[in-house]
Protein chains: 2
Amino acid sequence: MVLDHSPRLDLVFHALAHPARRAIIRQLTGGERNLSELASPLKMTFPAASKHVRVLEGAKLVRRRIAGREHLCRLEAAPLKDATLWTEQFRQFWETRFSALDELLEEMKQQAEAPPRKP
Amino acid sequence: MVLDHSPRLDLVFHALAHPARRAIIRQLTGGERNLSELASPLKMTFPAASKHVRVLEGAKLVRRRIAGREHLCRLEAAPLKDATLWTEQFRQFWETRFSALDELLEEMKQQAEAPPRKP
DNA sequence: GTGATCTAGAACCATGTGGTTTACTATACC
DNA sequence: GGTATAGTAAACCACATGGTTCTAGATCAC
């Protein structure tokens, strides 16, 4: 089972919760980029963009190597896998089981049986 | 393409970034629950738990219906699908392409060609 | 009606977040 | 050596977040 109490998952989901950080991740799918390259398409100052990269590093979504005066970043996708595994646990809830027909049937069943809500 | 600039996705990922809220989601896989049921397993006061439910509602992950004095919550999994779709875009980056061997080959190729980083 | 239960809401507090500006360090280039 | 470039660090700000306590309003059970 994938635990809900996982500080790592906290960091990953939080990192993904900002459009600038998602944009950085997408940019890194093109390969290594330095901070200036990552910052330039974002509508904010350089230090602000730099902070976003740090958040991504904290979530292990980005790894940085220093080459001269440049800091080159690369995508580290493993945490994205963890995030996907967590959300995919609930796949059944957005698929057939909760189609309109099944939902109706379930409601009819509940009315007929009136079972306790707790498992 | 799944956009990075999506306020809906901001809300969903932010909602998932707290262990209490993930626990609530998991609890709701067992069916409808009222607020007291959702709050009791959480190590916090009732108003705090209630706020977490509101965050989940804001992200459309939970829908509430009022029955007498109880507020019954149910899971609304569609936003989880959106989140999964976003993260799954990068599946290739945690799979074969970045296996140890491929990574080595890529590094050798880079050393041989020294291509520009930008596409 | 009385009392217990379920929930909302407001006030408050500490801390975190996301952004800015300014100043500084270190490397590269000529 | 002097200057431009890449990046950090610190100070500051407005606002959000996550928690508490206390008060109050419905509704249910007896």
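Throughout, a chain's letter reflects where its sequence line sits, starting with A, and its residues are numbered from 1.
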Undergrad: Between B:T84 and A:T84, does any side-chain donor sit less than 3.5 Å from a side-chain acceptor?
TA: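 Checked: B:T84/A:T84 side chains show no N/O donor-acceptor pair below 3.5 Å.
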
Undergrad: Consider the side chain of B:K51, meaning its heavy atoms from C-beta on, and name the nucleotide among C:dT20, C:dG18, C:dA11 that approaches it most closely.
TA: C:dA11

Undergrad: For B:H52 and D:dG19, is the shortest distance between a side-chain N/O and OP1 or OP2 below 4.0 Å?
TA: yes

Undergrad: Side-chain contact test, heavy atoms from C-beta onward, threshold under 4.5 Å: evaluate it for A:V55 versus A:R21 and give yes or no.
TA: yes

Undergrad: So, does B:Q27 use its side chain to make a donor-acceptor pair with the main chain of B:A39 at under 3.5 Å?
TA: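 Absent.
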
Undergrad: Does any non-hydrogen side-chain atom of B:R33 lie less than 4.5 Å from one of B:L28?
TA: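 SC-SC contact between B:L28 and B:R33 confirmed.
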
Undergrad: Which one, C:dA8, D:dC28, C:dT7, comes nearest to the side chain of B:R64?
TA: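 The listed nucleotide nearest to B:R64's side chain is C:dA8.
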
Undergrad: Hey, does the side chain of B:H71 come within less than 4.0 Å of C:dA8's phosphate (OP1/OP2), counting only N and O?
TA: yes

Undergrad: Counting side-chain heavy atoms from CB outward, which of C:dT21, D:dG18, C:dA4 is closest to A:P47?
TA: C:dT21

Undergrad: Would you mind reading off the distance between A:R21 atom CZ and C:dG16 atom P, rounded to a whole angstrom?
TA: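 The distance from CZ of A:R21 to P of C:dG16 comes to 15 Å, rounded to the nearest Å.
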
Undergrad: Want to settle it: does B:R54 or A:H18 sit nearer the 5' end of DNA chain C, counting the closest nucleotide to each?
TA: B:R54

Undergrad: Measuring to OP1 and OP2 of D:dT5, would you say a side-chain N or O of A:S36 lies under 4.0 angstrom away?
TA: no

Undergrad: Write down the distance between CE (A:M44) and C1' (D:dA14), rounded to a whole number of angstrom.
TA: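 About 16 Å, once rounded to whole Å.
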
Undergrad: Judged by each residue's nearest nucleotide on DNA chain C, which is more toward the 5′ side, A:A20 or B:F46?
TA: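 Residue closer to the 5' terminus by nearest nucleotide: B:F46.
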
Undergrad: Have a look at A:T45 and say if it touches a base, only the backbone sugar-phosphate, or nothing, with a 4.0 Å heavy-atom cut-off.
TA: base

Undergrad: Take B:R65 and B:E32 through the salt bridge (Lys or Arg N to Asp or Glu O under 4.0 Å) test and state the conclusion after the steps.
TA: CA-CA 10 Å; B:R65 68 181 179 90; B:E32 269 189 337; 2.7 Å; yes

Undergrad: Could you state the CZ-P distance from B:R65 to C:dC6, rounded to the nearest angstrom?
TA: 16 Å

Undergrad: So, under a plain 3.5 Å distance rule, would you say the side chain of B:R69 forms a donor-acceptor pair with the base of C:dT7?
TA: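 Side chain to base: no pair present.
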
Undergrad: Examine D:dG7: is either OP1 or OP2 under 4.0 Å from a nitrogen or oxygen in the side chain of A:S50? Give yes or no.
TA: no

Undergrad: Between the opening five pairs and the closing five pairs of the helix from C:dG1-D:dC30 to C:dC30-D:dG1, how far apart are the helix axes, to 10°?
TA: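 Overall, the helix from C:dG1-D:dC30 to C:dC30-D:dG1 bends by 30° from one end axis to the other.
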
Undergrad: Can you check whether B:H14 and A:H14 have ring centres sitting under 6.0 Å from each other?
TA: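 No.
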
Undergrad: Could you give the CD1-to-P distance, from A:I66 to C:dA26, as a whole number of Å?
TA: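 Going from A:I66 (CD1) to C:dA26 (P), I get 12 Å.
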
Undergrad: Round to a whole Å and report the spacing from CZ of B:R22 to P of D:dG18.
TA: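 So the two atoms are 12 Å apart, to the nearest Å.
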
Undergrad: Looking only at the side chain of B:H14 (C-beta and beyond, no hydrogens), which of the listed nucleotides D:dG18, C:dT7, D:dA6 gets closest?
TA: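 Shortest atom-to-atom distance from the side chain points to D:dG18.
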
Undergrad: CG of A:L72 versus C1' of D:dG7: gap in Å, rounded?
TA: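 After rounding, the reported distance stands at 12 Å.
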
Undergrad: Starting at atom CD of A:E37, determine the distance to atom P of D:dG7, rounded to an integer number of angstrom.
TA: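 Roughly 8 Å, once rounded to whole Å.
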
Undergrad: Is the ring pair A:H52/A:H18 parallel, tilted or perpendicular, if the boundaries are 30 and 60 degrees?
TA: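 Judged by the thresholds at 30° and 60°, the geometry between A:H52 and A:H18 is tilted.
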
Undergrad: Restricting to non-hydrogen atoms, name the atom on A:P79 and the atom on A:L61 that form the minimum distance, rounded to 0.1 Å.
TA: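 Residues A:P79 and A:L61, closest heavy atoms: CB-CD2, 3.9 Å.
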
Undergrad: Once you round it to whole Å, what is the distance between C1' of D:dT8 and CD of A:E70?
TA: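 Computing the A:E70:CD to D:dT8:C1' distance gives 16 Å.
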
